[in-house]
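Taking it in order: structure first as structure tokens, then the write-up.
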Amino acid sequence: MAMPIFSPGNDPGSSLPELLRRIGMDPFASPGTLDADHGLDIPHATTCVAIKYSDGVVMGGDRRATSGNLIAHRFMEKVVEADRYSGVAIAGAAGPAMEMIKLFQLQLEHYEKVEGQCLSLEGKANQLSGMVRSNLPAAMQGMVVVPIFAGYDQLRRTGRLWTFDVTGGRYEEREYVATGSGSLHAGTVIKVQFSTDLGRDDAINLVCRSLWEAADADSATGGPDTLRAIYPVVAVIDSLGYQRVDDLDLKARYETIAAQSNR
Amino acid sequence: MTTPFYVPPEQMMKDRADFARKGIARGRALVALVYDDGIALVAENPSNNLRKVSEIYDRIAFAGVGRFNEFDTLRVAGVRAADVKGYQYSRDDVDARGLANQYGQILGQIFTHEMKPMEVEILVAEVGTDPSGNRIFHILYDGTVIDEPGFCVLGGDIERINAAMSTAFTDGLTLADAIGVAITALAGPDRQIPATEVEAAVLSRSNGRRCFRRLGDDEVAALVARPV
């Protein structure tokens, strides 16, 4: 493939999706006449949450993907690092969701390299909103992708989070968001226990607890699996950047939760 | 109607090459060299915003001397080519050799077919997972691609700096020594380059997935002030 060079009037600038379109690799090309609502079981990713705490945000997501009534994957990672100061969590059709995450991560890095500086946090949220909107034709055929975007805003020195709808609608939330099939249960747990002065440790506990309750009531959400040592993905994003909470830490937290639930 | 003068092709190529060389020699030089943890890129650059050295991909850096707008166009094209290839295939499939050849083709094409050759010399460096995997490609204004082992000098006063580097460069330099060697070679015997006019970056094996790291002003100042 030849190196992509454009005339000044035709330059795609720092946008990777636009560049891909120009060279005939449109990432959001129509998937044809696939109708996922009727007869075709594609894997779906489920519950993800994000909450704001005093120094940043905590994100969490279970590891299960389901295809109809079957468990399609046990190790799926729905919460991923978008770049150093932000993360994205995705619920919905797993294939397009993972593709969107990949494109989003690449776009943030591409912008940073072309422009020589990072996008602002709001700029990143806006980019993701455009990608969700571009996925609308696929969503109309049942392949809905609904992300959560959260990160640490270095200009305002605070954590911020956004939720999206299928049309690319972008809504900034002040306290917490939950998405996916178990979001009602996870969201309720957070709603009851949330306070604006949560510390880091309490925030991680609350995320773990909300996923626990979602897994307890929603068959499509996976709980902690001690036999296979699979725990949800939980990540903290603060002024030090994106840090994933390690499995040993989560194991201890879930043992505490399990002990409390057995009383 | 006047008949155009016949210009022999040798003369035409020579004129173009002289023109490009003159443009490049006006600018300040740049040195890339291998050190124990990767590749260091050091440039004399009075601007703190118009960068000569930048990141292309996980293990690949770009550096250019000459006309800024021309090598910056090449830099962006390289970022695009690398990102598209990584998106289409895998991150592991993006390598410096492929990029260097593509640059060579573009520069060669422009040198022979356009009104004016590009007044640039560029460099594509890739840090390997072990020292034997390091690659430094030097690409000239006419598309010539040179594979440089150890170190590479771009820009004006190239002969003197090359001579200085040949004597000072050894395998297994530490980062501080490598930057020191490069700055001394760039400055020459009777000149000091102030730290504010040094642009330095590394492709460091120990920097995680993205090996490229720009050295901050403080870091450079500490290295420049260090007694050799």
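All chains are named by letter (A, B, ...) in the order of the sequence lines, taking the proteins before the strands, and each is independently numbered beginning at 1. Hydrogens, waters and symmetry mates play no part in the numbers below; they use all other heavy atoms, side chains included.
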For this session: Measure across B:Arg80 and A:Gly13 and return the closest heavy-atom pair with its distance rounded to 0.1 Å.
Result: NH2-O, 2.8 Å
For this session: Report yes if the side chains of A:Leu106 and B:Arg91 come closer than 4.5 Å at any heavy-atom pair, otherwise no.
Result: yes
Problem set entry | Heavy-atom neighbours of B:Lys116 NZ exceed 12 at 6.0 Å | yes
Exercise. Minimum heavy-atom separation for B:Ala77 to A:Met3, with atom names?
Worked result: O-CG, 3.7 Å
For this session: Side chain from CB out, backbone as N, CA, C, O: work out which of these in B:Leu99 comes under 4.5 Å of a heavy atom of chain A, or both, or neither.
Result: both
Exercise. Heavy atoms under 4.5 Å from chain B: which residues of residues 107-114 of chain A carry them?
Worked result: A:Glu109, A:His110, A:Glu112, A:Lys113, A:Val114
Problem set entry | Point-to-point distance, once rounded to the nearest 0.5 Å, from CG of B:Leu74 to CD1 of A:Ile5 | 5.5 Å
For this session: Check whether B:Asn101 gets within reach of chain A through its side chain, its backbone, both or neither, counting any heavy atom under 4.5 Å.
Result: neither
Exercise. Can you pull out the residues in residues 81-105 of chain A with any heavy atom less than 4.5 Å from chain B?
Worked result: A:Glu99, A:Lys102, A:Leu103
For this session: Give, as side chain, backbone, both or neither, the part of B:Arg214 having an atom under 4.5 angstrom from any heavy atom of chain A.
Result: neither
Problem set entry | Side chain, backbone, both or neither of B:Arg210 within contact of chain A (heavy atoms, under 4.5 Å) | side chain
Problem set entry | ring pair (Phe, Tyr, Trp, His ring centres under 6.0 Å) partners for B:Phe68, two or more places apart | B:Phe71
Problem set entry | Positions in residues 103-111 of chain B that reach chain A, provided some heavy atom is under 4.5 Å away | B:Tyr103, B:Ile106
Problem set entry | Other residues, nucleotides, ligands: >12 heavy atoms within 6.0 Å of A:Arg157 CZ | no
Problem set entry | CG/B:Asp218: more than 12 non-hydrogen atoms of other groups inside 6.0 Å | no
